[in-house]
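Since the structure comes first, as C-alpha coordinates, the remarks are kept for the end.
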Amino acid sequence: YQDKIKIDSQVKSARIEKDKSDRATVENAIDPKTFNQLQKFIRNGTLTKIDGCLSTGKEANIYYGINELTGKEFAIKVYKTSVLVFKDRERYISGEFRFKGFKNNNKINARKLIKVWSEKEFRNLKRLKLNGFNVPEPYELKSNILMMEFLSRNPVDEEESSAAAADAEKASSAVNDEAAAAESVEDAIAPLTIKSSENERGWPAPRLKDYEFKSDQQIFDIYQQILVNMRLMYQKCRLVHADLSEYNLIMYKDGEIYIIDVSQSVEPNHPMALDFLRMDIKNINDYFQKKKKIDVFLEKEIFKFVI
Ligand code: ATP
Ligand code: MN
(Lines give C-alpha, C1' and ligand atoms only; values in the text may rest on other atoms or scores of the structure.)
(Ligands and ions follow the chains in the order given, each with its own letter.)
Protein backbone atom coordinates (compact mmCIF):
# COMPACT_ATOMS: atom_id res chain seq x y z
CA TYR A 1 0.00 0.00 0.00
CA GLN A 2 2.71 2.45 0.95
CA ASP A 3 4.56 1.78 -2.31
CA LYS A 4 1.44 2.25 -4.30
CA ILE A 5 0.73 5.49 -2.57
CA LYS A 6 4.20 6.68 -3.43
CA ILE A 7 3.46 6.01 -7.06
CA ASP A 8 0.16 7.69 -6.49
CA SER A 9 1.68 10.99 -5.48
CA GLN A 10 4.52 10.93 -7.98
CA VAL A 11 3.10 9.61 -11.21
CA LYS A 12 -0.16 11.41 -11.62
CA SER A 13 -0.82 9.96 -15.03
CA ALA A 14 -0.79 6.34 -13.97
CA ARG A 15 -3.92 4.54 -13.05
CA ILE A 16 -3.97 1.81 -10.48
CA GLU A 17 -6.51 -0.87 -11.08
CA LYS A 18 -8.61 -1.38 -8.04
CA ASP A 19 -9.22 -5.04 -7.62
CA LYS A 20 -10.40 -6.83 -4.53
CA SER A 21 -6.92 -7.17 -3.05
CA ASP A 22 -6.21 -3.48 -3.45
CA ARG A 23 -9.33 -2.64 -1.63
CA ALA A 24 -8.42 -4.97 1.19
CA THR A 25 -5.06 -3.30 1.67
CA VAL A 26 -6.67 0.08 1.62
CA GLU A 27 -9.07 -0.98 4.27
CA ASN A 28 -6.17 -2.08 6.39
CA ALA A 29 -4.13 1.05 5.86
CA ILE A 30 -7.08 3.22 6.72
CA ASP A 31 -7.89 1.74 10.07
CA PRO A 32 -11.27 0.00 10.34
CA LYS A 33 -12.89 2.69 12.45
CA THR A 34 -11.91 5.33 9.96
CA PHE A 35 -13.10 3.23 7.06
CA ASN A 36 -16.37 2.75 8.85
CA GLN A 37 -16.81 6.47 9.24
CA LEU A 38 -16.02 7.04 5.56
CA GLN A 39 -18.73 4.54 4.69
CA LYS A 40 -21.13 6.44 6.90
CA PHE A 41 -20.62 9.59 4.86
CA ILE A 42 -21.78 7.58 1.85
CA ARG A 43 -24.69 5.95 3.63
CA ASN A 44 -26.05 9.18 5.04
CA GLY A 45 -25.88 10.86 1.65
CA THR A 46 -23.15 13.38 2.38
CA LEU A 47 -21.02 11.83 -0.35
CA THR A 48 -21.71 9.50 -3.21
CA LYS A 49 -18.09 8.76 -4.00
CA ILE A 50 -14.61 8.88 -2.52
CA ASP A 51 -12.42 8.84 -5.53
CA GLY A 52 -8.69 9.18 -5.24
CA CYS A 53 -5.97 10.12 -2.85
CA LEU A 54 -4.76 13.69 -3.25
CA SER A 55 -1.88 13.53 -0.85
CA THR A 56 -0.19 11.30 1.65
CA GLY A 57 1.62 13.19 4.33
CA LYS A 58 3.25 12.23 7.56
CA GLU A 59 0.27 13.17 9.67
CA ALA A 60 -2.63 12.86 7.33
CA ASN A 61 -3.91 11.62 4.00
CA ILE A 62 -6.20 13.73 1.88
CA TYR A 63 -8.88 12.11 -0.22
CA TYR A 64 -11.22 13.50 -2.82
CA GLY A 65 -14.92 13.11 -2.27
CA ILE A 66 -17.94 14.20 -4.25
CA ASN A 67 -21.68 14.22 -3.97
CA GLU A 68 -22.60 13.62 -7.58
CA LEU A 69 -26.20 14.60 -6.95
CA THR A 70 -25.36 18.12 -5.84
CA GLY A 71 -21.97 18.43 -7.50
CA LYS A 72 -20.46 19.42 -4.16
CA GLU A 73 -16.83 18.39 -3.78
CA PHE A 74 -14.90 17.66 -0.62
CA ALA A 75 -11.33 17.43 0.53
CA ILE A 76 -11.31 14.74 3.19
CA LYS A 77 -8.42 15.00 5.60
CA VAL A 78 -7.84 11.78 7.49
CA TYR A 79 -5.46 12.17 10.42
CA LYS A 80 -3.35 9.10 10.95
CA THR A 81 -3.89 7.31 14.17
CA SER A 82 -0.45 5.84 14.73
CA VAL A 83 1.51 7.11 17.70
CA LEU A 84 4.83 7.72 15.97
CA VAL A 85 3.37 10.42 13.83
CA PHE A 86 2.90 12.64 16.81
CA LYS A 87 6.40 12.49 18.15
CA ASP A 88 7.58 15.64 16.47
CA ARG A 89 4.34 17.39 17.22
CA GLU A 90 5.44 17.66 20.81
CA ARG A 91 7.06 21.04 20.56
CA TYR A 92 3.81 22.55 19.36
CA ILE A 93 1.87 20.91 22.11
CA SER A 94 4.04 21.16 25.18
CA GLY A 95 3.69 24.94 25.35
CA GLU A 96 -0.05 24.97 25.20
CA PHE A 97 -2.16 24.73 28.28
CA ARG A 98 -4.93 23.16 26.22
CA PHE A 99 -2.76 20.08 25.83
CA LYS A 100 -2.11 19.53 29.49
CA GLY A 101 -3.34 16.16 30.61
CA PHE A 102 -2.30 14.34 27.47
CA LYS A 103 0.82 13.06 29.04
CA ASN A 104 1.01 10.32 31.57
CA ASN A 105 4.44 9.42 32.91
CA ASN A 106 5.78 11.49 30.05
CA LYS A 107 3.95 9.35 27.50
CA ILE A 108 1.48 10.88 25.12
CA ASN A 109 -2.04 9.55 24.93
CA ALA A 110 -2.26 9.27 21.15
CA ARG A 111 -5.96 8.71 20.82
CA LYS A 112 -6.91 11.72 22.86
CA LEU A 113 -4.27 13.71 21.13
CA ILE A 114 -5.40 13.03 17.61
CA LYS A 115 -8.90 14.07 18.56
CA VAL A 116 -7.71 17.34 19.98
CA TRP A 117 -5.35 17.84 17.08
CA SER A 118 -8.04 17.50 14.44
CA GLU A 119 -10.41 19.65 16.51
CA LYS A 120 -7.72 22.26 16.56
CA GLU A 121 -7.41 22.39 12.80
CA PHE A 122 -11.18 22.47 12.45
CA ARG A 123 -11.46 25.35 14.90
CA ASN A 124 -8.58 27.30 13.37
CA LEU A 125 -10.12 26.95 9.91
CA LYS A 126 -13.44 28.19 11.24
CA ARG A 127 -11.81 31.13 12.95
CA LEU A 128 -9.94 32.08 9.78
CA LYS A 129 -13.00 31.63 7.56
CA LEU A 130 -15.12 33.74 9.91
CA ASN A 131 -12.55 36.52 9.70
CA GLY A 132 -12.67 36.52 5.92
CA PHE A 133 -9.47 34.65 5.17
CA ASN A 134 -9.00 32.51 2.11
CA VAL A 135 -9.09 29.04 3.59
CA PRO A 136 -11.05 25.96 2.57
CA GLU A 137 -14.38 26.13 4.36
CA PRO A 138 -14.51 23.53 7.12
CA TYR A 139 -17.73 21.51 6.86
CA GLU A 140 -17.66 18.79 9.43
CA LEU A 141 -15.41 16.89 11.79
CA LYS A 142 -16.03 13.27 12.75
CA SER A 143 -13.35 11.88 15.06
CA ASN A 144 -10.16 11.91 12.94
CA ILE A 145 -11.81 12.93 9.66
CA LEU A 146 -12.11 16.53 8.62
CA MET A 147 -14.41 17.34 5.72
CA MET A 148 -13.72 20.62 4.01
CA GLU A 149 -14.22 22.58 0.84
CA PHE A 150 -12.28 21.18 -2.09
CA LEU A 151 -10.11 23.75 -3.83
CA SER A 152 -10.41 22.55 -7.38
CA ARG A 153 -8.13 23.21 -10.30
CA ASN A 154 -11.26 23.63 -12.39
CA PRO A 155 -13.80 25.29 -10.12
CA VAL A 156 -17.38 24.86 -11.27
CA ASP A 157 -19.34 27.97 -12.05
CA GLU A 158 -21.52 28.98 -9.05
CA GLU A 159 -24.74 29.39 -11.05
CA GLU A 160 -24.18 26.15 -12.83
CA SER A 161 -23.71 24.30 -9.58
CA SER A 162 -26.75 25.77 -7.84
CA ALA A 163 -28.86 24.74 -10.83
CA ALA A 164 -27.41 21.27 -10.48
CA ALA A 165 -28.25 21.34 -6.78
CA ALA A 166 -31.89 22.12 -7.54
CA ASP A 167 -32.05 19.17 -9.92
CA ALA A 168 -30.41 17.01 -7.31
CA GLU A 169 -33.13 17.89 -4.82
CA LYS A 170 -35.57 15.99 -7.00
CA ALA A 171 -33.20 13.18 -7.80
CA SER A 172 -32.26 12.59 -4.18
CA SER A 173 -35.40 10.64 -3.45
CA ALA A 174 -33.93 7.98 -5.70
CA VAL A 175 -31.11 7.23 -3.27
CA ASN A 176 -33.36 7.06 -0.26
CA ASP A 177 -33.72 3.37 -0.79
CA GLU A 178 -31.40 2.41 2.01
CA ALA A 179 -30.73 -1.17 0.95
CA ALA A 180 -29.67 -0.12 -2.53
CA ALA A 181 -27.49 2.62 -1.09
CA ALA A 182 -25.80 0.27 1.33
CA GLU A 183 -24.97 -2.19 -1.40
CA SER A 184 -23.14 0.42 -3.42
CA VAL A 185 -21.23 1.83 -0.49
CA GLU A 186 -18.24 -0.38 -0.96
CA ASP A 187 -17.98 0.44 -4.65
CA ALA A 188 -18.20 4.09 -3.84
CA ILE A 189 -14.90 4.13 -1.99
CA ALA A 190 -11.87 3.95 -4.24
CA PRO A 191 -9.20 5.90 -2.47
CA LEU A 192 -6.41 4.51 -4.61
CA THR A 193 -7.57 5.62 -8.01
CA ILE A 194 -5.63 8.35 -9.71
CA LYS A 195 -7.02 10.92 -12.06
CA SER A 196 -5.83 10.15 -15.58
CA SER A 197 -6.40 13.56 -17.08
CA GLU A 198 -5.99 17.02 -15.63
CA ASN A 199 -9.38 17.93 -16.99
CA GLU A 200 -11.14 15.29 -15.01
CA ARG A 201 -12.93 16.48 -11.92
CA GLY A 202 -11.11 16.02 -8.68
CA TRP A 203 -7.84 17.73 -9.47
CA PRO A 204 -6.74 20.04 -6.71
CA ALA A 205 -5.56 23.58 -7.36
CA PRO A 206 -1.75 23.74 -7.37
CA ARG A 207 0.33 24.37 -4.30
CA LEU A 208 2.38 27.55 -4.50
CA LYS A 209 5.39 25.30 -5.07
CA ASP A 210 3.88 23.90 -8.28
CA TYR A 211 2.34 27.07 -9.60
CA GLU A 212 3.66 28.56 -12.82
CA PHE A 213 3.76 32.29 -12.38
CA LYS A 214 2.76 34.46 -15.30
CA SER A 215 5.21 37.30 -14.68
CA ASP A 216 7.70 38.78 -12.24
CA GLN A 217 5.05 41.26 -11.26
CA GLN A 218 2.75 38.41 -10.30
CA ILE A 219 5.48 36.79 -8.22
CA PHE A 220 5.96 39.98 -6.26
CA ASP A 221 2.20 40.50 -5.86
CA ILE A 222 1.77 37.03 -4.45
CA TYR A 223 4.76 37.49 -2.15
CA GLN A 224 3.14 40.62 -0.74
CA GLN A 225 -0.26 38.93 -0.49
CA ILE A 226 1.33 36.30 1.72
CA LEU A 227 3.03 38.82 4.00
CA VAL A 228 -0.21 40.75 4.42
CA ASN A 229 -1.98 37.50 5.22
CA MET A 230 0.58 36.71 7.91
CA ARG A 231 0.06 40.11 9.47
CA LEU A 232 -3.74 39.92 9.38
CA MET A 233 -3.68 36.39 10.69
CA TYR A 234 -1.66 37.58 13.64
CA GLN A 235 -3.57 40.81 14.23
CA LYS A 236 -7.14 39.73 13.55
CA CYS A 237 -7.11 36.02 14.33
CA ARG A 238 -4.34 35.87 16.91
CA LEU A 239 -2.72 33.01 15.04
CA VAL A 240 0.76 32.14 13.86
CA HIS A 241 0.59 29.52 11.13
CA ALA A 242 3.75 27.75 12.33
CA ASP A 243 4.20 25.59 9.23
CA LEU A 244 3.98 28.17 6.51
CA SER A 245 5.75 27.40 3.24
CA GLU A 246 5.17 26.96 -0.47
CA TYR A 247 3.70 23.55 0.41
CA ASN A 248 0.89 24.85 2.57
CA LEU A 249 -0.29 27.64 0.33
CA ILE A 250 -2.60 26.91 -2.56
CA MET A 251 -2.99 29.02 -5.67
CA TYR A 252 -6.69 29.12 -6.34
CA LYS A 253 -8.31 30.55 -9.47
CA ASP A 254 -4.92 31.63 -10.80
CA GLY A 255 -4.36 34.49 -8.41
CA GLU A 256 -5.79 33.96 -4.95
CA ILE A 257 -3.63 32.57 -2.20
CA TYR A 258 -5.33 30.08 0.08
CA ILE A 259 -3.90 29.02 3.41
CA ILE A 260 -4.13 25.36 4.41
CA ASP A 261 -2.82 22.96 7.02
CA VAL A 262 -3.42 24.95 10.20
CA SER A 263 -3.48 22.09 12.71
CA GLN A 264 -0.25 23.26 14.32
CA SER A 265 -1.04 26.97 14.32
CA VAL A 266 -0.61 28.63 17.71
CA GLU A 267 -1.72 31.76 19.48
CA PRO A 268 0.78 34.51 20.25
CA ASN A 269 0.90 33.50 23.92
CA HIS A 270 2.42 30.13 23.06
CA PRO A 271 6.00 30.23 24.37
CA MET A 272 7.36 29.37 20.91
CA ALA A 273 4.96 31.52 18.89
CA LEU A 274 7.50 34.14 17.88
CA ASP A 275 10.07 31.50 16.97
CA PHE A 276 7.51 29.80 14.76
CA LEU A 277 6.72 33.16 13.22
CA ARG A 278 10.38 33.80 12.43
CA MET A 279 10.54 30.36 10.82
CA ASP A 280 7.45 31.06 8.72
CA ILE A 281 8.96 34.32 7.54
CA LYS A 282 12.24 32.63 6.70
CA ASN A 283 10.52 29.86 4.73
CA ILE A 284 8.58 32.33 2.65
CA ASN A 285 11.55 34.62 2.08
CA ASP A 286 13.82 31.72 1.13
CA TYR A 287 11.33 30.46 -1.39
CA PHE A 288 10.83 33.80 -3.10
CA GLN A 289 14.47 34.79 -2.98
CA LYS A 290 16.18 31.52 -3.88
CA LYS A 291 13.59 29.85 -6.07
CA LYS A 292 11.79 32.81 -7.58
CA LYS A 293 14.77 35.18 -7.64
CA ILE A 294 13.05 38.31 -6.47
CA ASP A 295 14.24 40.95 -4.03
CA VAL A 296 12.72 40.25 -0.66
CA PHE A 297 12.30 42.38 2.44
CA LEU A 298 14.53 41.90 5.46
CA GLU A 299 13.23 39.20 7.76
CA LYS A 300 13.33 41.44 10.81
CA GLU A 301 11.37 44.11 8.93
CA ILE A 302 8.70 41.57 8.06
CA PHE A 303 8.65 40.42 11.66
CA LYS A 304 7.98 43.97 12.85
CA PHE A 305 5.34 44.39 10.18
CA VAL A 306 3.52 41.26 11.28
CA ILE A 307 3.47 41.86 15.01
P1 ATP B 1 2.12 17.42 5.10
O2 ATP B 1 2.27 16.41 6.21
O3 ATP B 1 2.71 17.00 3.79
O4 ATP B 1 2.48 18.84 5.52
P5 ATP B 1 -0.57 17.26 5.66
O6 ATP B 1 -0.68 15.79 5.78
O7 ATP B 1 -0.40 18.05 6.89
O8 ATP B 1 0.60 17.55 4.72
P9 ATP B 1 -2.20 19.18 4.23
O10 ATP B 1 -0.99 20.04 4.11
O11 ATP B 1 -3.37 19.76 4.92
O12 ATP B 1 -1.87 17.78 4.88
O13 ATP B 1 -2.65 18.74 2.77
C14 ATP B 1 -1.77 18.02 1.93
C15 ATP B 1 -2.00 18.38 0.46
O16 ATP B 1 -3.33 18.04 0.07
C17 ATP B 1 -1.87 19.85 0.17
O18 ATP B 1 -0.55 20.20 -0.13
C19 ATP B 1 -2.78 20.05 -1.03
O20 ATP B 1 -2.10 19.74 -2.22
C21 ATP B 1 -3.87 19.02 -0.79
N22 ATP B 1 -5.03 19.64 -0.13
C23 ATP B 1 -5.22 19.78 1.19
N24 ATP B 1 -6.39 20.39 1.46
C25 ATP B 1 -6.96 20.66 0.26
C26 ATP B 1 -8.19 21.28 -0.14
N27 ATP B 1 -9.07 21.75 0.74
N28 ATP B 1 -8.46 21.36 -1.47
C29 ATP B 1 -7.58 20.89 -2.37
N30 ATP B 1 -6.41 20.30 -2.06
C31 ATP B 1 -6.09 20.18 -0.77
MN1 MN C 1 0.95 20.25 4.61
Side-chain angles (χ1 to χ4, degrees), residues 2 5-6 8-10 12 29-30 34 41 46-47 50-67 71-82 84-89 91-93 113-114 116-126 128-129 133-141 144-156 191 194-195 198 200-212 226 239-254 256-266 276 279-280 283-284 287:
Q2 278 305 335
I5 283 299
K6 267 195 199 117
D8 189 329
S9 56
Q10 282 162 13
K12 293 285 189 199
I30 301 175
T34 305
F41 285 128
T46 308
L47 301 169
I50 297 172
D51 190 9
C53 182
L54 303 175
S55 158
T56 59
K58 265 190 303 174
E59 296 113 22
N61 292 346
I62 316 271
Y63 300 98
Y64 171 76
I66 182 168
N67 183 323
K72 190 172 175 180
E73 298 175 295
F74 298 75
I76 307 167
K77 185 162 183 172
V78 176
Y79 300 85
K80 296 186 180 175
T81 40
S82 85
L84 271 178
V85 170
F86 287 95
K87 278 218 144 166
D88 61 278
R89 287 297 207 189
R91 65 205 176 105
Y92 294 97
I93 294 155
L113 190 53
I114 197 165
V116 173
W117 200 255
S118 41
E119 275 167 3
K120 193 171 158 182
E121 174 144 46
F122 191 60
R123 203 175 41 226
N124 286 343
L125 281 175
K126 274 204 215 157
L128 287 160
K129 185 77 196 172
F133 283 80
N134 283 344
V135 292
E137 184 180 347
Y139 295 139
E140 186 176 356
L141 179 75
N144 62 324
I145 304 173
L146 193 162
M147 303 273 274
M148 63 181 142
E149 176 187 1
F150 176 68
L151 303 173
S152 173
R153 184 163 306 197
N154 312 299
V156 186
I194 300 166
K195 314 287 161 201
E198 294 216 10
E200 239 181 287
R201 291 199 86 177
W203 272 79
R207 298 173 298 185
L208 186 62
K209 177 189 179 291
D210 303 320
Y211 182 72
E212 281 180 38
I226 294 168
L239 282 176
V240 172
H241 187 288
D243 193 18
L244 200 64
S245 74
E246 65 272 27
Y247 292 87
N248 285 330
L249 290 162
I250 287 188
M251 185 62 104
Y252 194 43
K253 294 179 178 167
D254 246 345
E256 288 173 50
I257 279 290
Y258 271 64
I259 303 161
I260 62 162
D261 204 359
V262 291
S263 57
Q264 71 292 311
S265 302
V266 297
F276 292 145
M279 234 162 47
D280 285 354
N283 288 342
I284 295 301
Y287 176 71

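Whatever order the structure lists ligands and atoms in, that order sets their numbers, starting from 1. Only a predicted model underlies this, so the values are computations on that prediction, with no experimental measurement involved.
- Checked by distance only, ligand 1 and Arg207 stay at 3.5 Å or farther apart across all their nitrogen or oxygen atoms.
- Proximity of Met148 to ligand 1, defined as any heavy-atom pair under 4.0 Å, is confined to the side chain (atoms from C-beta onward).
- Listed by atom number, the atoms of ligand 1 under 4.0 Å from Lys58 heavy atoms are 2 (O).
- Those atoms of ligand 1 that come under 4.0 Å of a heavy atom in Glu59, given as number and element, are 2 (O), 7 (O).
- Here Asp51 does not pair with Arg201 in a salt bridge; the nearest charged N to carboxylate O distance is not below 4.0 Å.
- Residue Asn248 touches ligand 1 through its side chain alone, judged by heavy-atom distances below 4.0 Å.
- For the residue pair Arg207 and Glu246, the shortest heavy atom distance occurs at CB-O, 3.8 Å.
- Of all atoms in ligand 1, listed by their number and element, those nearer than 4.0 Å to a heavy atom of Pro204 are 29 (C), 30 (N).
- Here the side chain of Arg153 pairs a donor or acceptor atom with the backbone of Pro204 at under 3.5 angstrom.
- When all heavy atoms of Pro138 and Leu125 are compared, the closest pair comes out as CG-CB, 3.7 Å.
- With hydrogens and angles ignored, the 3.5 Å screen pairs a side-chain donor or acceptor of His241 with a backbone N or O of Ile260.
- At under 3.5 Å, not a single nitrogen or oxygen of Glu121, backbone or side chain, sits near a nitrogen or oxygen of ligand 1.
- Each of the following atoms of ligand 1 lies closer than 4.0 Å to a heavy atom of Pro136: 27 (N).
- Residue contact check: Ser55 has heavy atoms under 4.0 Å from atoms 14 (C), 15 (C), 16 (O) of ligand 1.
- Nearest to atom 27 (N) of ligand 1 by heavy-atom distance, out of Lys77, Lys80, Glu149, Glu137, is Glu149.
- Asn248 places a side-chain N or O within 3.5 Å of a backbone atom of Asp243 that can act as its donor or acceptor partner.
- Shown here for Tyr64 and Ile76, the closest heavy-atom pair between the two residues is C-CD1, 4.3 Å.
- Around the Mn ion (ligand 2), protein atoms of type N, O or S found under 2.8 Å number 2.
- The main-chain N or O of Val262 is found under 3.5 Å from a side-chain atom of Asn124 such that the two form a donor-acceptor pair.
- Across all non-hydrogen atoms, the minimal contact from Met147 to Thr46 is CE-CG2, 3.9 Å.
- Looking at Asn61, its side chain never comes within 3.5 Å of a backbone N or O of Val78 through a donor-acceptor pair.
- Ser245 meets the side-chain contact (heavy atoms from CB on, under 4.5 Å) test with Tyr247, Asn283; sequence neighbours excluded.
- No donor-acceptor distance shorter than 3.5 angstrom exists from the side chain of Lys253 to the backbone of Ala205, with no hydrogens or angles considered.
- Considering backbone and side-chain N/O atoms, Asp261 comes within less than 3.5 Å of an N/O atom of ligand 1.
- The atoms of ligand 1 that sit less than 4.0 Å from any heavy atom of Tyr247 are 18 (O).
- The proximity of Ala60 to ligand 1, defined as any non-hydrogen pair under 4.0 Å, involves the side chain as well as the backbone.
- For ligand 1, the polar-atom distance check finds no N/O of Leu54 at less than 3.5 Å from any of the ligand's N/O atoms.
- Distance alone, capped at 3.5 Å, places no donor-acceptor pair between the Lys209 side chain and the Tyr287 backbone.
- For Ile62, every heavy-atom contact with ligand 1 shorter than 4.0 Å involves the side chain, none the backbone.
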